[in-house]
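Sequence lines set the chain letters: A, B, ... in the order given, protein chains first and strands last, and positions in each chain run from 1.
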Protein chains: 2
Amino acid sequence: MSEGVEWAVHCCVVLTSVAAPVPAARLAELHQVSPTYLAKQLQALARAGLVFSVQGKSGGYVLSRPPAEITLLDVVEAIDGPEPAFVCTEIRQRGPMATPAEYCTTPCPISRAMAASESARRDALRSVTIAGLAEQVEAGSGAGTLNGVAAWLGSTGT
Amino acid sequence: MSEGVEWAVHCCVVLTSVAAPVPAARLAELHQVSPTYLAKQLQALARAGLVFSVQGKSGGYVLSRPPAEITLLDVVEAIDGPEPAFVCTEIRQRGPMATPAEYCTTPCPISRAMAASESARRDALRSVTIAGLAEQVEAGSGAGTLNGVAAWLGSTGT
DNA sequence: CATACTCGGACATGTTTTATCCGAGTATAG
DNA sequence: CTATACTCGGATAAAACATGTCCGAGTATG
Ligand code: SF4
Ligand code: SF4
């Protein structure tokens, strides 16, 4: 999986506690990651419609929806792409013992099993929302943690 | 996911119906894929202990266990590697607002959610066995299909 | 014992991921 | 109103990984 998925999820979580737009460079400084590459991931989030990007002097990124309506699956698919990991090449229709086309009306057992596992993963990711993650972070790292981060994002210090 | 996973699964399924070792080149001819690259995947299966490789004049590959005891997860992990797709970089412990180490005793919500989705996928793959797949192939493509393939593998024609 | 055939790991190539840069555009400040 | 400073956005290199290939080590055969 893309390394950038982790960065994007963290950005979404911290964005739950801010109202003003946050520039990509500041998010990169907070996480100590490559600013330019993080910018690329945020652009992907913007393309997917998960965040709004506002340009200009005090611009940046803001969540476009309530955090409770953004699932982990949305973020993962925005970065990693929506296409499933397993793609059937229909090799059973090639070669000397090719299965005739009349038997290929329904998906074969192998691709069915792969699709089922993919579906299970997607369901698990869909059941987790950004709001839920933020809540658990507050519970685990102490209430007010996110507000502290939000304050730092708004200020100008290091 | 690796393209070779599909090839490996197909090879395992057809190997359920043969007793004598089958060379990699013949399996490649059956599926019309690159013989040398398929050989690489079969080597990975051998390393993982899923198949035995016998050398010499009439050598080849044979399943090392009853098909009912080989799960789809075994094959996928043998090719794609057993390490999970999502790896936490602990970026919350870096940067100006780093979470202190004393709060990092338990896995964070994000990595927990990712691990849960990974676990769901693995469970789905584990619940499918090669024997089950072979059975469904027989049911879907007509009984005796695998025996026909086995006969072709044992002969010398194209 | 010679041989022919097999696997096994070391060696190139292509493609995706990672990382970076500079130009287009906009709200701000004067 | 104008100049400016700051932002995003997509086009551009570098690196890592997956893909594809090759020849030598080893073994059952005859
Ligand atoms: S048997 Fe299934 S997985 Fe294999 S090529 Fe056909 S549809 Fe794809
Ligand atoms: S917050 Fe979770 S996912 Fe992020 S770096 Fe820490 S442990 Fe990893």
Whole-Å distance separating the [atom1] atom of [X] from the [atom2] atom of [N]:
| X | N | atom1 | atom2 | value |
| --- | --- | --- | --- | --- |
| B:Phe52 | D:dG26 | CZ | P | 21 Å |
| B:Leu38 | D:dT21 | CG | C1' | 14 Å |
| B:Ile79 | D:dT19 | CD1 | P | 10 Å |
| A:Asp80 | C:dT17 | CG | C1' | 10 Å |
| B:Gln41 | D:dT21 | CD | C1' | 13 Å |
| B:Glu6 | D:dT19 | CD | C1' | 15 Å |

- Worked verdict on A:Leu45 versus A:Ser53 for side chain to side chain contact (heavy atoms under 4.5 Å, CB included): CA-CA 10 Å; A:Leu45 290 183; A:Ser53 67; over 6 Å; no
- Qualifying residues under ring-ring contact (aromatic ring centres under 6.0 Å, His included), relative to A:Trp7, sequence neighbours excluded: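 Once residues adjacent in sequence are excluded, the partners of A:Trp7 under the ring-ring contact (aromatic ring centres under 6.0 Å, His included) criterion are A:Tyr37.
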- Is DNA chain D part of any stem, that is, at least 3 consecutive Watson-Crick or G-U pairs with both distances under 3.5 Å, and where?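 The stems that DNA chain D takes part in, listed by first number, are C:1-30 with D:1-30.
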Quick check for you: to the nearest 0.5 Å, what is the distance between [X] atom [atom1] and [Y] atom [atom2]?
| X | Y | atom1 | atom2 | value |
| --- | --- | --- | --- | --- |
| A:Glu6 | A:Ile79 | CD | CD1 | 12.0 Å |
| B:Leu50 | B:Glu77 | CG | CD | 10.0 Å |
| B:Arg65 | B:Thr129 | CZ | OG1 | 11.5 Å |
| B:Tyr61 | B:Gln43 | OH | CD | 5.0 Å |

- Message: Whether the B:Thr89 and A:Glu3 side chains hold a donor-acceptor pair (N or O, under 3.5 Å, no angle test) is what I'd like checked.
- Response: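 Yes.
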- Task: Applying side chain to side chain contact (heavy atoms under 4.5 Å, CB included) between A:Val22 and each of A:Leu27, A:Val14, A:Val51, A:Leu30, report the one that passes.
- Result: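 Testing A:Val22 for a side chain to side chain contact (heavy atoms under 4.5 Å, CB included) against A:Leu27, A:Val14, A:Val51, A:Leu30 leaves exactly one candidate, A:Leu27.
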- Letter per nucleotide, 5' to 3', of nucleotides 1-17 of chain D [B base touched, S only sugar-phosphate touched, - untouched; heavy atoms, 4.0 Å]: -----BSBBBB------
- Under 4.0 Å between a side-chain N/O of A:Ser34 and OP1 or OP2 of C:dT18, yes or no?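 Checking C:dT18 against A:Ser34, no side-chain N or O comes under 4.0 Å of OP1 or OP2.
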